[in-house]
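Bear in mind the structure is a predicted one, so any value in this text is a computation, not a measurement.
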Amino acid sequence: MNRIAWATCASALALAAVPAAAQDLPQPPKDSANSTANGGDIIVTATRSATLLSKTPIAMTAVAGDQLVQEGVANPTQLAEKVPNVSIVRNNGLQITIRGVTSTDGTEKGDPSAAFLVNGVYVARPQAQEVSFFDLERVEVLRGPQGTLYGRNTTAGLINLISARPKFDLGAQVDASYESYNHYNVTAIVNAPVVTDVLAVRLAGNFDRYDSYVKNTSGDGFSLDPYKDNKSARLSVLFKPTSDISLLLVGDYSKLKGTRIGSVPTTNFFTGAAPLIDVNATRPAQAIYNTRGASSDQLRSSNTPQLWSPYVDNTDKGIMGELNIGMGPFTLTYLGSYRESERHEHATGLGGLNRSTFDGNYWQTSHEVRLAYDHGPLKVQAGGYYFKEESGIYFFLLNPQDLGLPPFATRFGFPQDPTIASNKSAFGQASYELLPKLRLTAGVRYSSDDKSRVGATVFDTDPALGIPGNRVTLQINNASRSFSKTTWRGGIDYDSPIGLFYASVATGYKAGGFNDGCLAGPGALPQCVYSVKELYYEPETLTAYEAGVKLHTADNSLRVNASVFHYDYKGLQLSQVGNFGGCGLCQLTTNAAKAKIDGVELEAYLRPTSALQVEMGFNWLDARYAQFNPGRVGPNGPVSLDFDGHALNRSPRVSGRVGATYTIDLGSAGSLVANAMLNYSSKYYLTDLASLIDYIQPAFTKTDLSITYKAANDKFYIGAYVLNLENNVVLTTATFGSFNKPNTPIFGRDGTVNFQDPRRFGVRAGIKF
């Protein structure tokens, strides 16, 4: 469907309702914080101001903190099942895919396509994003580009975790759960007013630990447990000297340990997985999904030996502050933050033939100032944003001879220090009530990005050889680049008696970057051999056309949310790891010319009786390359494929869910709540672009069941549950291998897959004081 047709359809849908008398803004029902999954309303801040979810003209999902606790959502990967067309998987940190839009570059120089925020603060590195969920007010997931109010790297959308703010009441709470794989999750919270209605503090701590889902069958004698062993604390202080002034300060610290061994050989699931060798081929090679009747335990087994004890010993800490000053119709907001991370990791890779070490230091700072005006029919926001991050990383492989290096090489690796990225932005957005309940919105943002890196690909040598510095430099990885872009948004919404109708056109932008290597040319070092086109890749941009409704009956017994969208996606950045152009082991990012995405999202929440709540969801997604012709040099010569019409990764054509919650009222004794939820996904692609192999995850279902007793006034609860009742092993990544260099011992041995969580049984309990 062309742009004009989509715009016409969007406008018609937004204006379809018959104008009616103005209504007062409804307040959320008392139990809405615990019932958002069942259609209850909730206050959100997706537009950088407080609005009801049902009145916010954006395709979004909000999940309240109490619901996260009672449904056992302990980390971001579990959130995806509650949000339409969203995938959140582990792939060198978190990889977030929203409506088919994603990024596979989790390195220090890469950027995600979907932003991850904590209290509105952008967290740049994917490795720092898999935080434990504890003491959250809510989680907001916005689908579609948010390039005006949020800006940096929100081509796909964003996820915003909002921690619980201090309250002016004395209280405490403890929540604990235990489930399969020795998974302990305990959160303790203390909230106290220091000065009545002026100063309050809140302290929350969390312990989150579980064993690896991978079964070690190699006989190497090393334990893969625990996979995760996190201890986190957060201190929040709220200072509110007057009704017009508030200052929120939040400091957090996390110690993140474990092994993080979560992958198994690709051959557990696929046969016939080999690089494409047919020079006349027009499509990727097809790996055959064949589990040969294996059980879940067998599929999650790995015979790849560990060469030493794997471990992760990381820290993450930060502080942020939000100051709000009200001045009549104006509100001035400052949001600032500083974060640091350290990574120290030991692992075994490349088919169990090589030990590796990784040491990294990261810091980031961000500052945002906004001035908002809200009076009569006009609402305006304008501001500026500054972000900077810097890192130094040192990754080494300790068995370099397996990579074809000479016998005097002692290790092979990538010291990259520093890598720097900065962003400066200015933005503004205005909404005007043209007619009663009919609003027009327009916004614009200018972004300027600077990126640079100093680094190298090296191997170290025996000191007895007398080589200067005991190091041989194979490749210089120095590069710098600047990018800029203006993004914009236009929308219309109408708040009718039966609900909200809205339509929008929005643009998104993610800055370009550079690959490993350096530019050739006069005066360049001998190791610098790449042209501008080979070294650099360009920004990706997206234009999204969307129309939707958020409808409800007068008594809210039925709520329906629906949206239809079309994306024109240009220059999407695709990253692969392998031996490209003789670089050895490096990552190559290129721009696919074009992609198109069409979709429909439909959610319905029905409460036929006060005891029964029913939830249904249906998603249709057609995410495909429109113009992409990747080329590779295979064993038999050059291979150039036609990807036109090929599906994007992690983009099932059909997905959905259906569930029910039944509450038995026990009077003064409390209540008993039973819940069942079935999720469905059709097949989706996991294409390894480095080796041009199509891996496919077949269609699957996942069923979650729970039963919970709640005491009167929610003073305490106790429950039991099972997650993924079918015990399906659902794949999230699949590769032939990262070092596919023929005539080396590694060739074809290091292909791995990652998977979602298997079946878990658990119990949970909590108490409030």
* Should the pair R445 and Y150 be classed as cation-pi, given the thresholds of under 6.0 Å to the six-membered ring centre and 45° from the axis? -> no

* To do: Please confirm whether the backbone N or O of A347 pairs with a side-chain atom of W308, one donor and one acceptor, at under 3.5 Å?
  => yes

* Quick one: sort the F358 and F395 rings into parallel, tilted or perpendicular, breaks at 30° and 60°. => tilted

* **Side chains of E534 and N515, donor plus acceptor under 3.5 Å** => no

* Cut-off 3.5 Å, side chains only: do T187 and D175 have a donor facing an acceptor? -> no

* **Identified side chain to side chain donor-acceptor pair (under 3.5 Å) partner of N119 from the options S163, S337, S236** => S163

* If you measure only the distance, is there a donor-acceptor pair under 3.5 Å linking the side chains of K702 and Q756? -> yes

* Verify whether one side chain among D225 and S212 offers a donor that lies under 3.5 Å from an acceptor in the other. => no

* Asked: Does a side-chain N-to-carboxylate-O contact under 4.0 Å join R453 and D516?
  -> yes

* Side chain of N354, backbone of L398: donor and acceptor closer than 3.5 Å? -> yes

* **Check: R143 and V83 side chains under 4.5 Å, non-hydrogen atoms** => yes

* Is it true that the side chains of N477 and T457 contain a donor and an acceptor less than 3.5 Å apart? -> yes

* **Any side-chain heavy-atom pair of N649 and Y684 under 4.5 Å** => no

* To do: Classify the ring geometry between Y213 and Y181 as parallel (under 30°), tilted (30 to 60°) or perpendicular (over 60°).
  => perpendicular

* To do: Please examine the side chains of F387 and S447, heavy atoms only from C-beta on, and report whether any two atoms are closer than 4.5 Å.
  => no

* Does NZ or CZ of R125 come closer than 6.0 Å to the centre of the six-membered ring of Y362, within 45° of the ring's axis? -> no

* Where the side chain of T365 meets the backbone of K388, is there a donor-acceptor pair that is under 3.5 Å apart? -> no

* **All side chain to side chain donor-acceptor pair (under 3.5 Å) counterparts of Y210, not counting sequence neighbours** => R90

* NZ/NE/NH1/NH2 to OD/OE distance under 4.0 Å, K109 and D111 -> no

* Asked: Could you give the distance from OG1 (T155) to CG (L572), rounded to the nearest 0.5 Å?
  -> 10.5 Å

* Any donor-acceptor pair under 3.5 Å from E389 side chain to A124 backbone -> no

* Look only at the side chain of Q573 and the backbone of E538, and say whether a donor-acceptor pair between them is shorter than 3.5 Å. => yes

* Distance, nearest 0.5 Å, that separates OH of Y178 from NE2 of H183 -> 10.5 Å

* **Whether N728 side chain and V730 backbone form a donor-acceptor pair below 3.5 Å** => no

* So, D252 and R339, do they make that salt bridge, N to O below 4.0 Å? -> yes

* Q127 side chain near S341 side chain, heavy-atom distance below 4.5 Å -> no

* To do: Say whether N754 and T733, considering side chains only, have a donor N or O and an acceptor N or O under 3.5 Å apart.
  => yes

* Using a 4.5 Å cut-off on heavy atoms from C-beta on, say whether the side chain of L397 contacts that of R355. => no

* **Pair listing, salt bridge (Lys or Arg N to Asp or Glu O under 4.0 Å) test, anchored in residues 254-264, at least two apart** => K255-D313

* To do: Could you grab the distance from atom CZ of F414 to atom CZ of F396, nearest 0.5 Å is fine?
  => 9.5 Å

* Side-chain donor/acceptor of N206 to backbone N/O of V186, under 3.5 Å -> yes

* Asked: Between R48 and E368, is there a salt bridge with N-O shorter than 4.0 Å?
  -> yes

* **Side-chain donor-acceptor pair present, T45, R138, cut-off under 3.5 Å** => yes

* To do: Report yes if some heavy atom in the side chain of F134 is under 4.5 Å from a heavy atom in the side chain of S232; otherwise report no.
  => yes

* For N423 and S425, what are the C-alpha separation, side-chain angles and deciding distance, and is it a side-chain hydrogen bond (donor to acceptor under 3.5 Å, both in side chains)? -> CA-CA 7 Å; N423 173 273; S425 302; 2.8 Å; yes

* Asked: What is the distance from atom CG of D208 to atom OG of S177, rounded to the nearest 0.5 Å?
  -> 8.0 Å

* Is any NZ, NE, NH1 or NH2 atom of the basic residue among D135 and R165 found under 4.0 Å from an Asp or Glu carboxylate oxygen of the other? -> no

* Residues D688 and Y695: side-chain donor-acceptor under 3.5 angstrom -> no

* Mind checking the CD1-CZ spacing from I693 to F736? Nearest 0.5 Å is all I need. => 5.5 Å

* Is the closest side-chain donor-acceptor distance between S103 and S113 under 3.5 Å? -> no

* Reported CG-to-NE2 distance for the pair L335 and H367, which is rounded to 0.5 angstrom -> 10.0 Å

* Asked: Is any side-chain heavy atom of V458 closer than 4.5 Å to a side-chain heavy atom of P415?
  -> yes

* Tell me, yes or no, whether the heavy-atom count around K485 atom NZ, taken from other residues, nucleotides or ligands under 6.0 Å, exceeds 12. => no

* Verify, without hydrogens or angle tests, whether N268 (side chain) and S301 (backbone) share a donor-acceptor contact under 3.5 angstrom. => yes

* Asked: Between F514 and R481, is there a cation-pi geometry (under 6.0 Å to ring centre, at most 45° from the normal)?
  -> no

* Structure fact -> side chain to side chain contact (heavy atoms under 4.5 Å, CB included) with L142: of N160, L149, T61, L158, only one passes, and it is L158

* Asked: Would you say the side-chain atoms of Y536 pair up with the backbone N or O of S480, donor to acceptor, closer than 3.5 Å?
  -> yes

* Got a sec, which residues hit side chain to side chain donor-acceptor pair (under 3.5 Å) with T154, two or more places apart in sequence or on another chain? -> none

* Asked: Just checking, any donor-acceptor pair under 3.5 angstrom between side chains of T102 and T97?
  -> yes

* Asked: Looking at side-chain heavy atoms only, is the closest gap between T259 and Q306 below 4.5 Å?
  -> no

